[in-house]
Amino acid sequence: MALRFYNTLTLRVEEFQPARDLTVRMYTCGPTVYDYAHIGNFRTFTFFDILRRVLRDRGFRLDHVMNITDVDDKIIRNATAQGKSLEEYTRVYTEAFLEDCKALRLERPEHLVRATEHIPEMVAAIRALSGKQYTYESEGSTYYRIASFPEYGKLSHNDFTGIKAGARVEVDTYDKNDARDFALWKAPKEGEPFWETEIGKGRPGWHIECSVMAMKYLGETLDIHGGGVDLIFPHHENEIAQSEALTGRPFARFWLHSEFLLVEGQRMGKSLGNYYTLRDLLSRGYQPETIRYLLASVPYRKALNFTFDGLKSAATAIERLRNFRLRLQTDAYPEGMNEKLRERTRSAERDFVASLEDDLNTAEALAAVFEYVRDMNTAMDSGEFRAGNAGPALDLLAHFDSIFEVLEPSAAAAGLSDEEVEKLIAERNRARRERNFARSDEIRQELLNQGIILEDTREGARWKRKLS
RNA sequence: GGCGCGGUAGCCAAGUUGGUAAGGCAGAGGUCUGCAAAACCUCCAUCACCGGUUCGAAUCCGGUCCGCGCCUCCA
């Protein structure tokens with residue numbers, strides 16, 4: 001089977017192929033760095049990450065651009081209030097964002113680009129649009145005239161032909177001819193930072209940066225453009241209007257959007273007290289891979305209900321996989337190869353891949369892995385498992401982890417060192433040989449208090465660190 | 001109101017070209033173990049509701065109810 005994605009443009013699942021060669025040209029909307037990113041943001045960024053990994057797993061090369069919006073009204077407001085320059089203000093959150101991504105094991109796109117580093121390109125694009133009569137000026141700002149782009153609404157599937165100029169209450173403080181028109185270039189208000197350019201003093205509107213940076217690095221037509229569902233309108237609709245007006249060509253072939261994240265069944269909001277940044281969760285002791293697992297386990301097109309129960313459940317699920325891997329690595333099996341089990345490994349791998357190819361059905365992909373794990377554990381218990389089956393099984397786990405990446409523990413928090421653990425285990429082994437079970441259990445409990453779990457097996461005691 | 005997405009076991013959630021419901025977590029009972037842990041086994045849903053099509057529907061059609069998102073900044 002081939003890769004298929006649900007395309008917002010057509011509202012259908014379609015087979016995916018890059019337009020040219022095997023390189024996927026992809027643009028995804030990144031963060032606006034005015035604050036720490038929250039888990040809702042990371043739901044979307046985790047989706048991008050899974051998308052990247054699956055594309056590569058299916059043999060494609062990636063040319064992926066993600067923007068960092070480091071100039072917008074909120075940033076200006078906050079920076080001004082703190083008496084900082086834009087650069088000074090956004091640097092903190094940009095770095096925090098990159099750290100968070102790293103913690104969540106999100107791959108870095110080939111191009112991570114900042115809006116403020118592309119002002120000249122944006123100005124050139126706006127001038128080109130003006131040359132084609134798509135714009136008008138008002139009080140020093142430049143607007144895009146939507147009436148001149150008949151296809152407006154094709155992504156959000158809205159029909160705007162009935163909307164009349166002035167029909168809506170003016171909510172923006174800028175003067176526009178039509179409520180749907182949007183700013184390409186905003187004139188500075190008193191005291192606001194600005195760029196001095198050929199189209200006047202000011203700063204870029206939000207939408208133009210994505211059009212410009214996407215096309216600069218990837219060409220006129222992208223294979224994939226991604227973002228959260230809330231960006232479909234107006235952001236992505238406006239990107240299409242700008243880009244296609246400029247080039248006369250389709251801006252993106254596939255539009256992929258991730259659904260919202262809810263917290264305990266409710267929309268996350270600061271006023272509701274259920275607003276969490278990644279940092280909030282980490283400081284509560286949850287491991288990054290636990291969060292990553294939870295975010296990745298629900299297919300991206302379904303709203304994800306983020307709960308603390310869910311985190312606990314995710315941690316336990318990961319432990320099940322880690323236990324299996326530990327067992328593969330530490331238990332001894334009879335020599336040889338069980339061909340039936342070998343074939344079972346192949347079928348699990350096929351199911352795993354087929355699920356991901358089906359519009360990134362991560363839930364089904366996980367099911368394929370867990371079913372496989374159960375079958376292999378059963379085979380181990382019954383003695384059918386052979387030493388030769390361990391390699392393929394570990395390979396399958398590695399394949400799984402090349403997409404989900406949750407098997408390796410994050411840097412251990414402070415606690416006992418490996419050596420200290422081994423020392424205590426040796427002492428416990430002596431106690432057990434002497435059948436001093438009281439002392440033996442005492443040591444086990446002591447270790448457990450330190451987050452170390454002991455398991456006695458035929459090959460002796462093995463241990464692991466508990467995951468939260 | 002328009003556009004879009006949903007309503008499957010206690011929780012999360014897969015399955016919609018129709019054929020008698022994946023998986024994870026939690027729970028109950030077993031096996032194994034010095035005791036545990038891990039692992040395995042067994043048990044735990046008729047798919048929001050109503051009607052229709054069909055030999056047969058969670059899956060198709062019609063209707064109803066409910067939830068969420070976008071329609072103004074927002075992943």
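Letters A, B, ... are given to chains in the order of the sequence lines, protein chains preceding strands, and every chain is numbered from 1. Just so you know, these numbers use all the heavy atoms, side chains as well, and skip hydrogens, waters and symmetry mates.
For the pair F97(A) and F45(A), the minimum side-chain heavy-atom distance is below 4.5 Å. In this structure, the side chains of F400(A) and L366(A) come closer than 4.5 Å at one or more pairs of heavy atoms. Side-chain atoms of F233(A) and L155(A), non-hydrogen and from C-beta on, never get closer than 4.5 Å to each other.
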(request) Mind running ring-ring contact (aromatic ring centres under 6.0 Å, His included) on Y27(A) and F48(A) for me, showing each step along the way? (result) CA-CA 10 Å; Y27(A) 185 92; F48(A) 297 155; 9.6 Å; no

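rC32(B) and rA37(B) have their P atoms separated by 15 Å, given to the nearest Å. Annotation: rC3(B) and rA13(B) have their C1' atoms spaced 27 Å apart (nearest Å). Comparing rG4(B) with rA9(B), their C1' atoms are spaced 29 Å from each other, to the whole Å. Spacing between rC5(B) and rC61(B) at atom P, rounded to whole Å, works out to 14 Å. Nucleotides rA21(B) and rC44(B) are separated by 14 Å at their C1' atoms, to the nearest Å. As rounded to the nearest Å, rC50(B) and rU8(B) have P atoms that lie 16 Å from one another. With both ends at atom P, the span from rA45(B) to rA36(B) equals 29 Å, rounded to whole Å. One C1' atom belongs to rG10(B), the other to rC40(B), and the distance between them is 24 Å to the nearest Å.
Residue pairs meeting the salt bridge (Lys or Arg N to Asp or Glu O under 4.0 Å) criterion with at least one partner in residues 293-314 of chain A, sequence neighbours excluded, are R301(A)-D359(A). Applying the salt bridge (Lys or Arg N to Asp or Glu O under 4.0 Å) test to every pair with at least one member in residues 35-47 of chain A, sequence neighbours left out, gives these pairs: D35(A)-K270(A).
Nearest-nucleotide mapping onto RNA chain B: of E319(A) and K74(A), the residue sitting toward the 5' end is E319(A). When each of G265(A) and P31(A) is assigned the nucleotide of RNA chain B with its nearest heavy atom, G265(A) is the one assigned upstream, toward the 5' end.
Look at N377(A) and you won't find any side-chain N or O under 4.0 angstrom from OP1 or OP2 of rA38(B). Here R267(A) reaches the OP1 or OP2 of rC70(B): one of its side-chain N or O atoms lies under 4.0 Å away.
Within the nucleic acid shown, G227(A) comes within 4.0 Å of sugar-phosphate atoms alone, with no base atom in reach, counting heavy atoms only. H235(A) comes within 4.0 angstrom of nothing in the nucleic acid, heavy atoms only. Nucleic acid contact class of P299(A) (heavy atoms, under 4.0 Å, all strands): sugar-phosphate only.
Annotation: F5(A) is not in aromatic contact with Y300(A) [ring centroid separation under 6.0 Å not met].
If you check the side chains of E289(A) and S410(A), you find a donor sitting under 3.5 Å from an acceptor.
For the strand RNA chain B, secondary-structure stems (runs of at least three Watson-Crick or G-U pairs, all distances below 3.5 Å) span B:1-7 with B:65-71, B:10-12 with B:23-25, B:27-31 with B:39-43, B:48-52 with B:60-64.
A parallel orientation is assigned to the rings of H225(A) and W255(A), their planes being inclined by less than 30° (bins at 30° and 60°).
Scanning all heavy atoms of the two residues, the minimum distance from H257(A) to H236(A) falls at NE2-ND1, 2.8 Å. Shortest non-hydrogen contact noted between N7(A) and R253(A) is ND2-O, 2.9 Å.
Atom P of nucleotide rC73(B) and atom CZ of F182(A) are separated by 11 Å, given to the nearest angstrom. As rounded to whole Å, 13 Å separates atom P of rA75(B) from atom CG of L261(A). The CD-P distance, from E264(A) to rC11(B), rounds to 13 Å in whole Å. Atoms CZ (F306(A)) and C1' (rC68(B)) sit 18 Å apart, rounded to a whole Å. If you measure from atom CD of Q266(A) to atom P of rG69(B), you get 10 Å, rounded to the nearest angstrom. Across the protein-nucleic acid pair, H236(A) atom NE2 and rA75(B) atom P stand 10 Å apart, rounded to whole Å. K154(A) places its NZ atom 21 Å from the P atom of rC71(B), with the value rounded to the nearest Å. Here rA75(B) presents its C1' atom at 17 Å from CZ of F233(A), a figure rounded to the nearest Å.
By the 4.0 Å N-to-carboxylate-O rule, D159(A) lies too far from K154(A) to be salt-bridged with it. Between R350(A) and E343(A) there is a salt bridge, since a side-chain N of the basic residue sits under 4.0 Å from a carboxylate O of the acidic one. Salt-bridge annotation for D73(A) and K186(A): present, with a side-chain N of the basic residue lying under 4.0 Å from a carboxylate O of the acidic one. Between R203(A) and E192(A) there is a salt bridge, since at least one side-chain N of the basic residue sits less than 4.0 Å from a carboxylate O of the acidic one.
Taking every side-chain heavy atom of N41(A) into account, rA75(B) is the closest of rG69(B), rA75(B), rA14(B). Closest contact between the side chain of N305(A) and the listed nucleotides rC12(B), rA75(B), rA14(B) involves rC12(B). Considering only side-chain atoms of F260(A), the nucleotide from rA39(B), rA75(B), rA13(B) that sits closest is rA75(B).
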(request) Between protein and nucleotides 2-10 of chain B, map the contacts as a letter string: B base, S sugar-phosphate only, - none, heavy atoms under 4.0 Å, written 5' to 3'. (result) -SSS-----

Mind listing the N/O atom pairs, protein and nucleotides 34-37 of chain B, below 3.5 Å?
| residue | atom | partner | partner atom | Å |
| --- | --- | --- | --- | --- |
| rG34(B) | N7 | R432(A) | NH2 | 3.2 |
| rG34(B) | O6 | R432(A) | NE | 3.1 |
| rG34(B) | O6 | S440(A) | OG | 3.4 |
| rG34(B) | N1 | D441(A) | OD1 | 3.0 |
| rG34(B) | N2 | D441(A) | OD2 | 2.7 |
| rC35(B) | O2 | R444(A) | NH2 | 2.6 |
| rC35(B) | N3 | R444(A) | NH1 | 3.0 |
| rC35(B) | N3 | R444(A) | NH2 | 3.4 |
| rC35(B) | N4 | D456(A) | OD2 | 3.1 |
| rA36(B) | N6 | D456(A) | O | 3.1 |
| rA36(B) | N1 | D456(A) | N | 2.9 |
| rA36(B) | N3 | R444(A) | NH1 | 2.9 |

Could I get a table of every N or O pair under 3.5 Å where one atom is in the protein and the other is in nucleotides 21-25 of chain B?
| residue | atom | partner | partner atom | Å |
| --- | --- | --- | --- | --- |
| rA22(B) | O2' | E371(A) | OE2 | 3.0 |
| rG23(B) | OP1 | R374(A) | NH2 | 3.1 |
| rC25(B) | O4' | S313(A) | OG | 3.1 |

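A ring-ring contact (aromatic ring centres under 6.0 Å, His included) with F182(A) is found for exactly one of Y144(A), Y136(A), Y143(A), F149(A), namely Y144(A).
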